[in-house]
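Inspection log for the structure reproduced underneath, given as structure tokens.
Excluded from the calculations below are hydrogen atoms, water molecules and symmetry mates; all remaining heavy atoms, backbone and side chain alike, are included. Each residue takes its place number in the sequence, starting with 1.
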Amino acid sequence: MPEAVIDTNALIFYIVEDSREHARAVRALNDLDRWFLPHVVIYELAWFFRSINLPRDRAVDILSDLINYRKVILVCDDDVIKWVLRIMRNAGWGLGSFNDLVILGTAYELGKPLLTFDEELRKRARRVGVRVLEV
């Protein structure tokens, strides 16, 4: 059963049909049986919708469909936040990385691979021993 923690950019590429990585995101996500979504991904997705002026009702529909999708498991874990704070201190990564580190920490704590199109996050994942899915 292939599973992964999903980064926000993978969902944006999946949802936005004219995005540059849409086909790869659809293929990668459809190949997974379970999508682990840290709560911060939902927040980032909502902010993305706001930034592109997506009508509220359409954004709510998409977010509702997403969190109710049979493959989705929402994840919020206190241990992830503790891991993030420890990594930020030890690796010297700044507050600008906080959201990405929550996503990375979720993959680390769950022992799941990460699906992301973000090259910097891919590098950080490898540094802390999190497997990154190829897309």
Item to check | Sub-4.5 Å side-chain heavy-atom contact between V5 and V130 | outcome: no

Checklist entry - If you look at every heavy atom in I103 and P38, which pair is closest and at what distance? => result CA-CG, 4.0 Å

Item to check | Pairwise side-chain contact, D31 with P2, heavy-atom cut-off 4.5 Å (strictly under) | outcome: no

Item to check | From N90 atom CG to W83 atom CH2, the distance as rounded to the nearest 0.5 Å | outcome: 10.5 Å

Next on the checklist: Please tell me whether V72 and I62 are part of a single hydrophobic cluster in this structure, the criterion being side-chain heavy atoms less than 4.5 Å apart.
Outcome noted: yes

Item to check | Validation row: L11, L29 side chains within 4.5 angstrom (heavy atoms) | outcome: yes

Checklist entry - Going only through I, L, V, M, F, W and Y residues with side-chain contacts under 4.5 Å, is there a path from V60 to W47? => result no

Checklist entry - Does the distance from a Lys or Arg side-chain N to an Asp or Glu carboxylate O, for E134 and R24, drop under 4.0 Å? => result no

Checklist entry - Under a 4.5 Å cut-off applied to non-hydrogen side-chain atoms, are D100 and D7 in contact? => result yes

Next on the checklist: Does the plane of the ring in Y14 sit parallel, tilted or perpendicular to the ring in H22? Use 30° and 60° as the thresholds.
Outcome noted: tilted

Item to check | Derivation of the side chain to side chain contact (heavy atoms under 4.5 Å, CB included) call for I15 and L45 | outcome: CA-CA 10 Å; I15 292 165; L45 200 52; 4.0 Å; yes

Item to check | Connected via hydrophobic side-chain network under 4.5 Å: F117 and V40 | outcome: yes

Item to check | side-chain hydrogen bond (donor to acceptor under 3.5 Å, both in side chains) partners of N99, counting only residues at least two apart | outcome: E44

Item to check | Worked verdict on F13 versus R20 for side chain to side chain contact (heavy atoms under 4.5 Å, CB included) | outcome: CA-CA 7 Å; F13 291 143; R20 72 180 189 275; 3.8 Å; yes

Checklist entry - For atom CG of L95, is the number of surrounding heavy atoms from other residues, nucleotides or ligands below 6.0 Å larger than 12? => result no

Checklist entry - Salt-bridged, K123 to E119, with N to O below 4.0 Å? => result no

Next on the checklist: How about CZ on R50, more than 12 heavy atoms from neighbouring residues, nucleotides or ligands closer than 6.0 Å, or not?
Outcome noted: no

Checklist entry - In terms of hydrophobic clustering (I, L, V, M, F, W, Y; side-chain heavy atoms under 4.5 Å; direct or indirect links), are I6 and L121 co-clustered? => result yes

Next on the checklist: Tell me the closest heavy-atom pair linking D118 and E120, and the distance in Å.
Outcome noted: OD1-N, 2.9 Å

Checklist entry - Where do P113 and E3 come nearest, in terms of heavy atoms and distance? => result CG-O, 3.1 Å

Next on the checklist: Nearest 0.5 angstrom please: I87 CD1 to K82 NZ, how far?
Outcome noted: 15.5 Å

Checklist entry - For the side chain of K112 and the backbone of W35, is there at least one donor-acceptor N/O pair under 3.5 Å apart? => result no

Next on the checklist: Which heavy atom of Y108 sits nearest to which heavy atom of V128, and what is that distance?
Outcome noted: CE1-O, 3.6 Å

Next on the checklist: Would T106 and L37 count as a side chain to side chain contact (heavy atoms under 4.5 Å, CB included) here? Give the steps.
Outcome noted: CA-CA 9 Å; T106 301; L37 301 183; over 6 Å; no

Checklist entry - Of I42, D61, L74, which meets side chain to side chain contact (heavy atoms under 4.5 Å, CB included) against L66? => result I42

Next on the checklist: For I81 and F98: C-alpha separation, side-chain torsions, deciding distance, then whether side chain to side chain contact (heavy atoms under 4.5 Å, CB included) applies.
Outcome noted: CA-CA 9 Å; I81 302 303; F98 189 83; 4.3 Å; yes

Item to check | For the student: nearest non-hydrogen atoms of L101 and W93, plus distance | outcome: CD2-CE3, 3.4 Å

Checklist entry - Are there more than 12 heavy atoms of other residues, nucleotides or ligands under 6.0 Å from atom CG of N68? => result yes

Checklist entry - When clusters are formed by joining ILVMFWY residues with side-chain heavy atoms under 4.5 Å apart, either directly or through shared neighbours, do V80 and V132 land in the same one? => result no

Checklist entry - Roughly how far, to the nearest 0.5 Å, is the NZ atom of K71 from the CG atom of D33? => result 6.5 Å

Checklist outcome for this item: One should read off an interatomic distance between N53 CG and R58 CZ, to the nearest 0.5 angstrom, of 15.5 Å

Item to check | Heavy-atom pair of closest approach, residues R122 and T116 | outcome: NH1-O, 2.8 Å

Item to check | Backbone N/O of F48 and side chain of S51: donor-acceptor pair under 3.5 Å | outcome: yes

